[in-house]
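Read through the structure below, which is laid out as structure tokens, and then see the notes.
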Number of protein chains: 2
Amino acid sequence: MNIGEASGASGVSAKMIRYYEQIGLIAPKGRTQSNYRVYGEQEVHVLRFIKRARSLGFSLEETETLLKLWQDKSRTSASVKEIATTHINDLERRIAEMQGMVKTLKHLSHCCGGDHRPDCPILDDLAGERAAPSDKPKSGESVA
Amino acid sequence: MNIGEASGASGVSAKMIRYYEQIGLIAPKGRTQSNYRVYGEQEVHVLRFIKRARSLGFSLEETETLLKLWQDKSRTSASVKEIATTHINDLERRIAEMQGMVKTLKHLSHCCGGDHRPDCPILDDLAGERAAPSDKPKSGESVA
DNA sequence: TGTAAGGCTTCCCATCATGGGAAGGTCAAG
DNA sequence: CTTGACCTTCCCATGATGGGAAGCCTTACA
């Protein structure tokens, strides 16, 4: 299988397959005489594993760890679960951060006329003219 | 005011102040004879505006637009509100995406013993051995 | 007044994951 | 044998930020 076919079979772009090889995440089964990368079912399976891990938001570093655990038959499920749990916490933290932004922005938008006049609570807030007291009850601590 | 003082007064790192200048977002009031950047209250105000916009998740490009609107006294609040609304939608889309990941991961984690044994539904899912049917009712469409 | 510390300058590099594109070799079909 | 589609490597770009080096400037202190 050429890289193009492996790409089609795995959903990972050829560009990314080469990149994953470069960073040591994967390797082709071999090369043809003309230096073309050759892949088999095994390699495509690994690529699909990576794609799925990425789609769940794992970084390539985490994905690499998961990949090693997958291939290590003596792993413990606890070691995998720990990575997943850490990742869940990370996602939830980022979600909460963005939800805070949304909450503030919705409040400001609600207060903004959205008409032809220049008066705008959104700009007032950005400029530091406190027009949205409900979000920042204490000091000027950033949301992010 | 030197860049260091402007940084302290605005909460934007000196590194970032220089970068914002480089991309044309801001400019110092001037330079000293020895080529030091000089800032005034006005510039610090702009830096704080940028910082607040960033903390609400606006990109630098959006921030630039907001900054121009802020300085344009003939703007309409509708134009500002539109940017905010677009940004809210973007944030909500990303939040939903991550919530999907969390949902799947929590389900998998819940199914995972987290013990010393190697059996792990999380890895099984990544490997494509469908152990978590509740998330992917139809085809193999990625979450992301 | 000399010197040392610390601040400023520019320039280059790294991150993270991905894509674009150029220059050139290879393969398969016509 | 040519043409087009594929492959190779290499370089560059993204977005926002930080690190660090080399060298100049300023301030404070002895």
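Any value given below was found using the heavy atoms of this structure, including those in side chains, with hydrogens, waters and symmetry copies removed. Numbers restart at 1 for each chain; the letters A, B, ... are given by sequence-line order, proteins then strands.
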Atom-pair distance (CD1 on A:Ile17; P on D:dC6), nearest Å | 14 Å

Counting side-chain heavy atoms from C-beta on, which of D:dC7, D:dA16, C:dG19 comes nearest to B:Met16?
-> D:dA16

Only residue of B:Val12, B:Leu66, B:Leu67 satisfying side chain to side chain contact (heavy atoms under 4.5 Å, CB included) with B:Ile50 is B:Leu67

Scan A:Cys120, A:Pro118, A:Pro121 and name whichever one has a side chain to side chain contact (heavy atoms under 4.5 Å, CB included) with B:Ser77.
-> A:Cys120

Would you tell me if any nitrogen or oxygen in the side chain of B:Tyr20 comes within less than 4.0 Å of OP1 or OP2 on D:dA16?
-> no

Length of the CD-P vector between A:Glu62 and C:dA17, whole Å | 9 Å

Answer yes if B:Tyr36 and B:Tyr39 sit in the same cluster of Ile, Leu, Val, Met, Phe, Trp and Tyr residues linked by side chain heavy atoms under 4.5 Å apart, and no otherwise.
-> no

Nearest-neighbour nucleotide for the B:Leu60 side chain, C:dT18, D:dA16, C:dT9 considered = D:dA16

Taking the side chain as C-beta and beyond, is there a heavy-atom pair between B:Lys106 and A:Glu92 under 4.5 Å?
-> yes

Report the distance from atom CD of A:Glu61 to atom C1' of C:dA14, rounded to the nearest whole Å.
-> 15 Å

Between A:Phe49 and A:Trp70, how do the two ring planes meet: parallel, tilted or perpendicular, split at 30° and 60°?
-> parallel

Nearest to the side chain of A:Arg54, which nucleotide is it out of D:dG18, C:dA17, C:dG19?
-> C:dA17

Spell out, yes or no, whether B:Val38 and B:Val46 are grouped together once hydrophobic residues are joined by side-chain heavy atoms under 4.5 Å, including indirect joins.
-> no

Out of curiosity, does A:Ile122 fall in the hydrophobic cluster containing B:Ile83 (side-chain heavy atoms, cut-off under 4.5 Å, transitive links)?
-> yes

Could you give the CD-to-P distance, from B:Glu64 to D:dG15, as a whole number of Å?
-> 12 Å

Could you state the atom-to-atom distance from NZ of A:Lys15 to C1' of C:dA17 in whole Å?
-> 13 Å

A:Ser13 side chain near C:dG19 phosphate (N/O to OP1/OP2, under 4.0 Å) = yes

How many Å lie between CD1 on A:Ile3 and P on C:dT26, as a whole number?
-> 17 Å

Between atom CD1 in B:Ile23 and atom C1' in D:dT17, what is the gap in whole Å?
-> 12 Å

Quickly work out the B:Glu21 CD to C:dC8 P distance and round it to whole Å.
-> 14 Å

Kindly point out which of C:dT9, D:dT8, C:dA17 is positioned nearest to the side chain of A:Arg18?
-> D:dT8

In residues 25-50 of chain B, which ones come under 4.0 Å of DNA chain D, going by heavy atoms?
-> B:Ser34, B:Tyr36

